[in-house]
Amino acid sequence: MTQPRPRILSVIGARPEIIQAAPVSAALSAVADEILVHTGQHYDEAMSEAQILATRLPRPHHNLGIGSRGRDEQVDLGEERLKAVIARERPDAVLVRGDTNATLSGARAAVAAGIPLMHVEAGLRSWRQDMPEERNRVETDRLSDVLFAPTPGARRTLAREGVSGDVYVTGDPLCDMLEGWRERVAPAPGRYMLATVHRNYNTDDPERLTAVLDCLARSHWPVVFPVHPRTRARIQEWALDIPSSVSLVDPVPYTRMLELERGAQVIATDSGGVQREAYLWGVPCVTLREETEWIDTVEAGWNTVVGVDPHAFAAALRRPRPAEHPPIFGDGHAAERIAELTVQWISTQLQEAA
């Protein structure tokens, strides 16, 4: 007798999750029934709907409409509404990814409902407890039954922490996504630096955000800066001076972002996803933070962490490109491994319960 296909309730809420979810969703479609739930953490056209269209992710079955709220309110309301969806859909497992408020909402809702929890992109650490993303990812890893680590280093972190769930190294689905687009993405023309800034500790303090802009002013090239809505609001609120070499543009769809990344001379960012994409394109990256979860890119020499020190930033721009470029994010088949392991794990649990 053929076993019924497992039902996976898959949670997304922000741009990075949407992009990472697309290859996993495609892989799951062959082996499972996925119920895609968007919490609505990113709710505007540029940050959500345009990304879904660009990545060809299926339209979500549910949109919870969380919208713009404080972190705790977003997490609590997301958990409450996800518990209602779980009760209605009765999935075999809940799959979350990354480190957003939607991630933690999904994790808590799964545990409250007694549903197995799976975490894609597990084991990453910044070692900064003042980062909401760090608190989200640590709690999610502790709650998870299955942890999909993107790199061996992430697995080692989970082993040191003694998590109780089953850990698998799968590679990074973001690598899958980019590799799928590589032949279709032409680098944007010209010589320029690409910049992205959205972390709360970079955007919510006028002195810190001023220092970020001072760093960008040290670029040898014109700077293209797709501005996160929160970052733009702070710049306007504090009437900050924009360096003459910096062009503020609206957020761009995923495919346009890939073109800008591929064509850049260097990328300055505080985004984990953009750090990885820079590495995958072979473009040097300067990280506007005091730390990074993606330490592999630093160890490989392609990423320099400078905080918001303009002198360190300028020095990083002078570094030569490394000669080596190892495949630290896998072989482009992480999503297939995640889908296969998901179904195998659920099947094993059902057999043991029978």
Side-chain angles (χ1 to χ4, degrees), residues 11-25 41-42 46-48 50-52 54-55 57 96-103 119-126 131-134 136-137 140 148-151 154 170-182 185 194-200 202-203 225-231 251-262 264 266-289 291-298 300 302-303 305 328-330 332 334-335 338:
V11 180
I12 58 174
R15 177 188 180 275
E17 294 166 308
I18 292 168
I19 292 167
Q20 190 239 61
V24 175
S25 182
Q41 179 178 328
H42 278 173
M47 297 301 290
S48 180
Q51 308 299 338
I52 290 173
T55 60
L57 181 70
V96 299
R97 60 262 299 163
D99 55 20
T100 70
N101 294 340
T103 307
H119 186 200
V120 176
E121 206 176 285
L124 302 175
R125 298 291 181 267
S126 67
M131 283 181 61
E133 296 90 347
E134 180 80 351
N136 292 348
R137 65 173 74 100
T140 299
F148 298 121
T151 64
T170 59
D172 187 353
L174 186 69
C175 176
D176 300 16
M177 190 69 189
L178 189 142
E179 291 303 327
W181 283 95
R182 186 175 291 276
V185 172
L194 175 66
T196 76
V197 180
H198 76 280
R199 296 283 180 183
N200 63 314
N202 275 340
T203 63
F225 186 179
V227 187
H228 189 285
R230 183 174 67 244
T231 309
V252 297
Y254 180 62
T255 49
R256 177 58 179 164
M257 189 64 177
L258 294 182
E259 292 170 354
L260 289 169
E261 289 171 352
R262 190 170 196 177
V266 67
I267 296 173
T269 188
D270 60 7
S271 162
V274 175
Q275 289 174 60
R276 289 134 73 196
E277 288 165 352
Y279 185 87
L280 290 164
W281 287 126
V283 174
C285 183
V286 184
T287 294
L288 296 164
R289 293 167 50 183
E291 76 300 309
T292 179
E293 304 81 40
W294 300 100
I295 192 66
D296 311 72
T297 62
V298 176
W302 286 87
N303 188 3
V305 177
I328 58 180
F329 295 120
I338 289 167

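Keep in mind the model is a prediction, meaning the values are calculated, not measured.
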Residues Arg256, Glu261: salt bridge by 4.0 Å N-O rule: no
Indicate yes or no: at least one non-hydrogen side-chain atom of Pro23 is less than 4.5 angstrom from one of Pro173. yes
Spell out, as yes or no, whether a donor-acceptor pair under 3.5 Å connects the side chain of Thr297 to the backbone of Trp294. yes
Is the side chain of Asp99 donor-acceptor paired with the backbone N or O of Asn136 at a distance under 3.5 Å, no angle test? no
Between the side chain of Arg97 and the main-chain N/O of Val120, is any donor-acceptor distance below 3.5 Å? no
Does a donor on one side chain sit under 3.5 Å from an acceptor on the other, for Glu134 and Ser126? yes
Counting only N and O atoms by type, is there a donor-acceptor contact under 3.5 Å from the side chain of Thr292 to the main-chain atoms of Ile295? no
Just say parallel, tilted or perpendicular for the rings of Phe329 and Tyr279, cut-offs at 30° and 60°. perpendicular
Do Arg199 and Glu133 sit within salt-bridge range, that is, some charged N less than 4.0 Å from a carboxylate O? yes
As an exercise, state the distance from CE of Met131 to CZ of Arg125, rounded to the nearest 0.5 Å. 11.5 Å
Between Arg182 and Arg262, what is the shortest heavy-atom contact and its length? O-NH1, 2.8 Å
Side chains of Trp281 and Leu178, heavy atoms from C-beta outward: is any pair under 4.5 Å? yes
In Å and rounded to the nearest 0.5 Å, what is the CD to CG distance from Glu277 to Leu194? 10.0 Å
OG1 of Thr269 to CG of Asn202, rounded to nearest 0.5 Å, is 9.5 Å
Note, Val274 side chain near Ile267 side chain (heavy atom, < 4.5 Å): yes
